> 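The structure follows.
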Amino acid sequence: MTKVLIVANFKSKKNLAEQKVWIDEFLKNSSNLKNVESKDVIICPSFPYLFSFNSAFSGTNIKIGAQTLSPFDEGSHTGEVNAKQIKDFADFVIVGHSEERNLLNESDELFSEKVKLAIKYLLTPIFCVQDKGTFIPEGTSIVAYEPVFAIGTGTPDTPESADAIAGTLKSNKKDLKVLYGGSVTSQNVKSFTTKTNIDGVLVGGASLDPDEFIQIIQNA
Ligand code: PGA
């Protein structure tokens, strides 16, 4: 049976003290989660907190991801955090999120470099696409369909529309996993994860509250 994949994207939110509260609450309140064997959970904090999340969740089923990576391998690239460094703390990395696309205007070539380097260092890229026509780099095995109108707005895409787009994405690439992202909550998560072509969800705002995120995992 394939597991439902649930990814938390904290974006550029929470400082050290706040992350600590989140971890403590999550660990305390998640012990009653049922059917967790059928779910895979990945938490993606900002770079400075990868170490604490990795330590806090080592020996559990929770995996850690980064939110981006450098398009360059290790070298003299001041300010860049490369795939080899991220691999010390994480197994996944988000690539091509629309918020980053809007801020940095990155090209498809750059995304291809990022995916290539992630794979080189055994990080699994979670590549974000905004619609069914978005370029997907070679080697991508997980994509997240995240329509811009649904991100942080409280207005998700309909499960039917998301399922149709996931189906189209899969028809172009065998064995691709497709997540849905955009205003996912504990109330609507099941309407997406029960769709044939949707393998999981990428959760932003609703993952910031540990109890709401636990409920999302429970309901997915
Ligand atoms: P949201 O964000 O759940 O807050 O809409 C999703 C995302 O940007 O990954």
Side-chain angles (χ1 to χ4, degrees), residues 4-14 18-19 22 26 39-47 49-50 53 62-69 86 90-106 111 114-115 118 123-132 134 136-137 140-163 165-166 169 176-195 198-220:
V4 180
L5 192 53
I6 302 148
V7 185
N9 173 15
F10 282 10
K11 309 193 177 185
S12 188
K13 298 185 182 171
K14 293 192 187 290
E18 292 161 343
Q19 311 263 357
W22 192 100
F26 184 89
K39 325 245 163 107
D40 270 330
V41 179
I42 302 165
I43 302 170
C44 305
S46 304
F47 284 140
Y49 311 112
L50 285 175
F53 272 81
I62 310 275
K63 306 220 168 56
I64 308 302
Q67 296 173 16
T68 185
L69 77 163
I86 293 170
D91 291 312
F92 293 83
V93 60
I94 296 171
V95 181
H97 192 284
S98 59
E99 287 161 358
E100 214 191 3
R101 287 176 192 252
N102 290 342
L103 289 173
L104 302 176
N105 209 12
E106 290 171 302
F111 292 135
K114 288 185 172 193
V115 165
L123 288 165
T124 303
I126 300 169
F127 190 77
C128 298
V129 304
Q130 288 68 55
D131 57 53
K132 60 185 175 208
T134 307
I136 299 177
T140 301
S141 56
I142 303 176
V143 302
Y145 161 58
E146 296 208 310
V148 173
F149 70 81
I151 295 180
T153 60
T155 308
D157 200 352
T158 63
E160 293 70 30
S161 159
D163 188 47
I165 288 178
L169 293 167
L176 188 69
K177 282 196 172 153
V178 182
L179 314 181
Y180 168 73
S183 297
V184 171
T185 65
S186 60
Q187 297 302 306
N188 64 25
V189 64
K190 207 173 179 65
S191 65
F192 291 101
T193 54
T194 45
K195 288 288 174 212
I198 298 178
D199 301 289
V201 286
L202 178 50
V203 188
S207 70
L208 296 170
D209 174 345
D211 291 318
E212 168 67 358
F213 189 57
I214 288 168
Q215 207 52 55
I216 288 173
I217 298 169
Q218 188 64 82
N219 295 353

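Every value quoted in this text rests on a predicted model; they were computed, and no experiment measured them. Ligands are counted one by one from 1 in listed order, and the atoms in each one are counted from 1 as well.
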> For the side chain of N102 and the backbone of E99, is there at least one donor-acceptor N/O pair under 3.5 Å apart?
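No, because the side chain of N102 does not come within donor-acceptor range (under 3.5 Å) of the backbone of E99.
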> How far is atom 4 (O) of ligand 1 from its nearest protein heavy atom, and which residue and atom is that?
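Answer, as residue, atom name and distance: G205 N, 2.8 Å.
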> At under 4.0 Å between heavy atoms, is it the side chain or the backbone of N9 that contacts ligand 1, or both, or neither?
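Answer for N9: side chain.
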> Can you find a heavy atom in the side chain of F213 that is under 4.5 Å from one in the side chain of I217?
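Side chain of F213 against side chain of I217, heavy atoms only: contact under 4.5 Å found.
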> Which of the numbered atoms in ligand 1 are below 4.0 angstrom from a heavy atom of G182?
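With G182 as reference, the close atoms of ligand 1 come out as 5 (O).
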> What residue and heavy atom of the protein are closest to atom 2 (O) of ligand 1, and at what distance?
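So the nearest neighbour among protein heavy atoms is K11 NZ, 3.2 Å.
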> Verify, without hydrogens or angle tests, whether D131 (side chain) and T134 (backbone) share a donor-acceptor contact under 3.5 angstrom.
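Between the backbone of T134 and the side chain of D131 there is a qualifying donor-acceptor contact (under 3.5 Å).
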> Checking H97 against E146: is there a side-chain donor and acceptor pair closer than 3.5 Å?
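The answer is yes; a qualifying pair exists.
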> Return yes when G152 approaches ligand 1 closer than 4.0 angstrom through a heavy atom, no otherwise.
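Distance cut 4.0 Å: G152 passes for ligand 1.
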> Measure the acute angle between the ring planes of F192 and Y180, then classify it against the limits of 30° and 60° as parallel, tilted or perpendicular.
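The rings of F192 and Y180 lie parallel, inter-plane angle below 30°.
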> Starting from atom 3 (O) of ligand 1, what is the nearest protein heavy atom, named by residue and atom, and what distance separates them?
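Going atom by atom, the protein heavy atom closest to atom 3 (O) of ligand 1 ends up being G204 N, 2.8 Å.
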> I need the atoms of ligand 1 closer than 4.0 Å to a non-hydrogen atom of H97, numbered in the order shown.
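Checking each atom against H97, I get 7 (C), 8 (O), 9 (O).
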> For S183 and ligand 1, answer yes if some heavy atom of the residue is under 4.0 Å from a ligand atom, otherwise no.
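S183: in contact with ligand 1 (<4.0 Å).
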> For ligand 1, is there an atom lying under 4.0 Å from some heavy atom of A150?
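It does, in that a heavy atom of A150 comes within the 4.0 Å cut-off of ligand 1.
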> In terms of residue, atom name and distance, what is the protein heavy atom nearest to atom 9 (O) of ligand 1?
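Result for atom 9 (O) of ligand 1: E146 OE2, 2.7 Å.
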> Give a yes or no on whether the backbone of C44 and the side-chain of Q67 come within a donor-acceptor separation of less than 3.5 Å.
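Answer holds: yes.
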> Side-chain contact test, heavy atoms from C-beta onward, threshold under 4.5 Å: evaluate it for L202 versus C128 and give yes or no.
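Yes. Closest side-chain heavy atoms under 4.5 Å.
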